[in-house]
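This structure is a prediction, so every number in the text was calculated from the model and none was measured. What you see below is based on every heavy atom in this structure, not just the backbone, and it leaves out hydrogens, waters and symmetry mates.
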Amino acid sequence: MKPALKFFLIIILGSALLSSAGCTDPGAIIDQNTPVTNRNWAYPDKFRYDVKIEDANARYNLYMNLRVTSDYKYSNLFVLISQTGPDKKRTIKRYELKLANKDGEWLGEGSGNLYSYQNSFLTNYKFPAKGVYHFEIEQNMRDNPLREVNDVGLRVEKVAP
């Protein structure tokens with residue numbers, strides 16, 4: 001192999017390693033997405049995530065991740081998010097996610113015909129105790145199934161002190 005080609009390959013591999021090392025987010029407790037089967041989100045399809053909280057004194061930001069196609073026919077999405085703590089107490093709250101302006105312009109980040117969203121639903125939230133918390137996300141729209149939803153997810157991050 002020619003020295004110039006070796007040097008070029010070393011630069012490419014080094015750049016790839018450095019950029020992949022920067023992708024890890026030490027503040028994220030969880031950042032996970034789950035594909036929606038056939039892009040049809042039916043009522044029984046509840047997305048479940050377990051989050052282990054080790055520091056009950058810290059504050060956290062919680063986000064719902066969502067990707068829809070450009071064929072999604074609404075400008076919003078209603079979901080029910082339930083949280084069950086280590087004490088087995090369950091709370092459920094309904095949230096509205098704004099996805100497009102009144103003129104139809106998507107508010108998410110687009111890539112091809114997919115639009116990605118990361119909508120905050122709890123900010124500076126303090127979990128009541130250490131332990132594992134179970135989250136469940138379900139769609140709460142009139143359509144069943146709700147078409148053109150690509151994937152759903154949850155992100156929990158520790159707020160920097």
Heavy atoms only: give me the nearest Lys52-Ile29 pair and the separation to one decimal.
O-CG2, 3.7 Å

Residue pairs passing the salt bridge (Lys or Arg N to Asp or Glu O under 4.0 Å) test where at least one lies in residues 68-86, sequence neighbours excluded:
Lys73-Asp143

Gap between atom OG of Ser82 and atom CZ of Arg48 - 0.5 Å precision:
8.5 Å

Testing the basics here: between Val149 and Val152, what is the closest heavy-atom pair and its distance to 0.1 Å?
CG1-CG2, 4.1 Å

For Tyr74, which residues count as a ring pair (Phe, Tyr, Trp, His ring centres under 6.0 Å) partner, sequence neighbours excluded?
Tyr72

Assess whether side-chain contact (heavy atoms from CB on, under 4.5 Å) is satisfied between Ile81 and Leu122, documenting all intermediate values.
CA-CA 11 Å; Ile81 300 179; Leu122 288 174; over 6 Å; no

Mind checking what makes ring pair (Phe, Tyr, Trp, His ring centres under 6.0 Å) contact with Tyr60, not counting sequence neighbours?
Phe127

Within a reach of under 6.0 Å around CZ of Arg94, are more than 12 heavy atoms found that belong to other residues, nucleotides or ligands?
yes

Any pair counted as side chain to side chain donor-acceptor pair (under 3.5 Å), so long as it reaches residues 35-47, sequence neighbours left out
Arg39-Glu148, Asn40-Arg147

Show, in sequence, the C-alpha distance, side-chain angles and deciding distance for Phe135 and Val51, and conclude whether the side-chain contact (heavy atoms from CB on, under 4.5 Å) test is met.
CA-CA 8 Å; Phe135 288 89; Val51 179; 3.9 Å; yes

What donor-acceptor contacts under 3.5 angstrom involve side-chain atoms of residues 113-121, with partners at least two apart or in another chain?
| from | atom 1 | to | atom 2 | distance (Å) |
| --- | --- | --- | --- | --- |
| Tyr117 | OH | Leu99 | O | 2.7 |
| Tyr117 | OH | Gly108 | N | 3.4 |
| Gln118 | NE2 | Asn65 | OD1 | 2.9 |
| Ser120 | OG | Thr123 | OG1 | 3.0 |

Would a 4.5 Å heavy-atom cut-off, applied to side chains only, mark Gln32 and Tyr49 as touching?
yes

Derivation of the side-chain contact (heavy atoms from CB on, under 4.5 Å) call for Lys88 and Arg90
CA-CA 6 Å; Lys88 306 299 182 212; Arg90 184 175 189 216; over 6 Å; no

Compare every heavy atom of Asn124 with every heavy atom of Asn61, then report the nearest pair and how far apart it is.
OD1-N, 2.9 Å

Heavy-atom closest pair (Asp87 atom, Lys89 atom, distance to 0.1 Å) is OD1-N, 3.0 Å

Residues Lys98, Leu107; criterion side-chain contact (heavy atoms from CB on, under 4.5 Å); working and verdict:
CA-CA 8 Å; Lys98 295 281 187 187; Leu107 299 172; 4.2 Å; yes

What closest approach, in Å, do Ser70 and Trp106 show between heavy atoms, and which atom pair accounts for it?
O-CZ2, 3.7 Å

Tell me the salt bridge (Lys or Arg N to Asp or Glu O under 4.0 Å) pairs involving residues 107-132, sequence neighbours left out?
none

Considering all heavy atoms, the nearest Lys158-Ala58 contact:
CE-CB, 3.6 Å

From Asn140 atom CG to Leu80 atom CG, the distance as rounded to the nearest 0.5 Å:
4.0 Å

Is there a path of hydrophobic side-chain contacts, each under 4.5 Å between heavy atoms, that joins Leu97 and Met141?
yes

